[in-house]
Amino acid sequence: MSLETAMARPTHHVPSDETLVSIDNLKVHFPIHKGILRRKAGAVRAVDGLTFEIKKGETLGLVGESGCGKSTTGRALLRLYRASDGRIIFDGTDIASLEGDALRRQRPRMQMIFQDPQASLNPRMTVGAIIAEPLVEHGVMDAKGRKARVRELLDAVGLNPDYVNRYPHEFSGGQRQRIGIARALALDPEFIVCDEPIAALDVSIQAQVVNLLEDLQAKLGLTYLFISHDLSMVKHIADRVAVMYLGKIVELADVETLFASPKHPYTKALLSAVPVPDPKVEANRRRIILTGDIPDPANPPAGCRFCTRCPEVFDRCRVEEPAWREVQPGRFAACHRVEGGEASSAT
Amino acid sequence: MVHAVNGISFHLDEGELLAVVGESGSGKSVAMMSLMQLLPMPPAEIASGRVNFQGQDLVKLKASQIRQVRGSRIGFVFQDPMTSLNPVFTVGYQVMEPLREHMGLSKKQARQRAIELLELVGIPAARQRIDDYPHQFSGGMRQRVVIAIALACDPKVLIADEPTTALDVTVQAQILELIKELRQKLGMAIIWITHDLGVAAGIADRIVVMYGGQIVEHAHVDDLFDDPQHPYTRALLDSLPGRHEAHEKLRSIAGQPPLLLSQPEFCPFSARCKHVFDKCLRQNPPLIAVDGDHRAACWWDPETGGPRDVA
């Protein structure tokens, strides 16, 4: 479907039940080398055994604090990092084990929008060249076709198509992020990883970019993995939300369910920490204040990873790692305190 | 020449927390830095104005005089704790520095007081950690150290410039709790610069909203959120997720903030304002009293939906 015809008939974004990406026990470890001989002395276990699915047409929010492994997860799904273990089934193909040409053929189907539009756009390339680069790389069009496509893409993200010959520094932060989005759309992808796409933008500009992402999703049927630490924005944009802590997903549920009744103690603490722009609510709410800091991912605590800071910790948490289970239909958690469900075999 | 801050006036009462809210480039940091002559001059220049602090005009003070105010009677906390701490000195040395400089304490006394301060801001095992370097602390702990330094000489005023922006939400919650606690214990006045209306709602007594180098609205925290007057404040609150039904579209503010290249002759928000009319382009509105202490710089009245009745 060409972009133009798609833009002409907007549909409402309805996530389907079909699975687009299925992640099974994904691990990404970064080795730590020490000494003159650079012997391997251990590993930062940035992502340590994730099992979840992303449905076609949905927005899956991935939240967590800095260093919890959410960006690493996003990059591993696109094979920007090699997975240390596990499988990433994208539309029936395990891309974790693909190499060379076979992998390259899959790449146009999955794209990424980066956090910092200043750093992710080459300052010495014109906007036209930046957006056309994926088309050139994958050799999908001739020069004339590319030119038309770039103009079409600029128009789709709300920029004047006459800006093709300008350079990134001539645009504001919000506009630069639109250029990044246009580049991500160039190859008609099905799946886009949005890695903190609004974190570097001002509040009034954030809403513009989020609205654009939602419009594009409705019109083009895109599937998003929306990585963010801004929980109120995730609540707005996501259909389902996964909460990460120290390399593990601790809870995954529908956005309404998760925000209304979080089950995992970390999710509870995280949600209670979000400031609400309403002084009356703020005056009466009780925050769960976590003590201490996030442990070192190279040397995570035994048992549950959250046991060092958990307000509801008990003996079993320090010895036995809680299994990742479906505690209610469509609702997953890894905590000994959460009742119900059968242990899944993956973790 | 950039006219970063244009004719702003506000006051700070003893013991209160004033939040200054605005987007990047709105002039909120420049305004507060200039209070203490913390901007590099030149190129920066304070063209006019007064800063009256306990009967003294801070703008007129000489460099040597202002140094005695900075860090002793007015403390600072900056956004990024990693860049505001010196990586080659121990944390203890940096907490002791203002104590020795301003309070004339001996090394031993200063060390004792530094340990007390680090305990006050909630650093566990302060006595053991005082000789550690900044890189040995986590982000939240570093910001606690910066707060300890700012509080060292028992300041009357604490200026905090986006002190929790670089921190994670759970750590931000810790720091906000700490500030509430410290206000009760020490009773200093605080100017809290932030872009996060949620943070401001939780801690502020009064709020000043800045846009394009000017104060566009000033109100008590409840009044500002209940009855915002300026179209910018209203649009900003409206653009936040969670103030409307789920899956409703966010209401964004179209356009970009202004470039402040000349003396403002018209309302800086006029280019993005839904309610703009001819007067906005002819005359820059001053702060107009709406209801007691609640003031807005706008010719438009949300009550009537027409021009404001200005005597």
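Here is how names work: the chains are called A, B, and so on, in the same order as the sequence lines, proteins then strands, and each is numbered from 1. In what follows, every heavy atom counts, from backbone to side chain, and hydrogens, waters and symmetry copies are set aside. As the structure is a computational prediction, the values presented were derived from the model and not from experiment.
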Would the number of heavy atoms belonging to other residues, nucleotides or ligands and lying under 6.0 Å from CG of A/Asp17 be above 12? no
Bottom line for B/Glu23: the part with an atom under 4.5 Å from chain A's heavy atoms is both
The interface call for A/Ile288 against chain B, heavy-atom contacts under 4.5 Å, is neither
Rounded to the nearest 0.5 Å, the NZ atom of A/Lys280 sits from the CG atom of B/Asp222 at a distance of 5.0 Å
> Does the pair B/Val169 and A/His229 meet the rule for a side-chain contact (heavy atoms from CB on, under 4.5 Å), with working shown?
Replying inline: CA-CA 8 Å; B/Val169 272; A/His229 65 271; 5.8 Å; no
Can you confirm whether more than 12 heavy atoms, excluding those of B/Arg127, are under 6.0 Å from its CZ atom? no
Rounded to the nearest 0.5 angstrom, the SG-CG distance for A/Cys68 and B/Asp168 is 8.5 Å
Okay, A/Leu270 and chain B: the region with an atom under 4.5 Å from a heavy atom over there is both
To the nearest 0.5 Å, atom CG of B/Leu178 lies from atom CD1 of A/Ile289 at 10.5 Å
Taken to the nearest 0.5 Å, the spacing of B/Leu237 CG from A/Asp278 CG works out to 9.5 Å
Distance col, row A/His236:NE2 vs B/Leu240:CG, nearest 0.5 angstrom, shows 11.5 Å
Please report the C-alpha distance between B/Ile203 and A/Glu282 in whole Å, then the side-chain angles of each, then the deciding distance to 0.1 Å, and finally whether the side-chain contact (heavy atoms from CB on, under 4.5 Å) criterion is met. CA-CA 8 Å; B/Ile203 56 163; A/Glu282 280 287 315; over 6 Å; no
Nearest heavy-atom approach of B/Asp196 to A/Pro275 is OD2-CG, 4.3 Å
Okay, A/Thr291 and chain B: the region with an atom under 4.5 Å from a heavy atom over there is backbone
Looking only at heavy atoms, the pair that brings B/Thr170 and A/Ala273 closest together is CA-CB, 4.0 Å
So, the part of B/Gln174 with a heavy atom under 4.5 Å from chain A: the answer is both
Scored by heavy-atom pairs under 4.5 Å with chain B, the best of A/Val274, A/Asp215, A/Leu231, A/Val281 is A/Asp215
Tightest non-hydrogen contact, residues B/Ser239 and A/Ala207, listed as O-CB, 3.9 Å
The interface call for A/Val210 against chain B, heavy-atom contacts under 4.5 Å, is side chain
Cut-off 4.5 Å, heavy atoms of chain A, and the answer for B/Leu176 is side chain
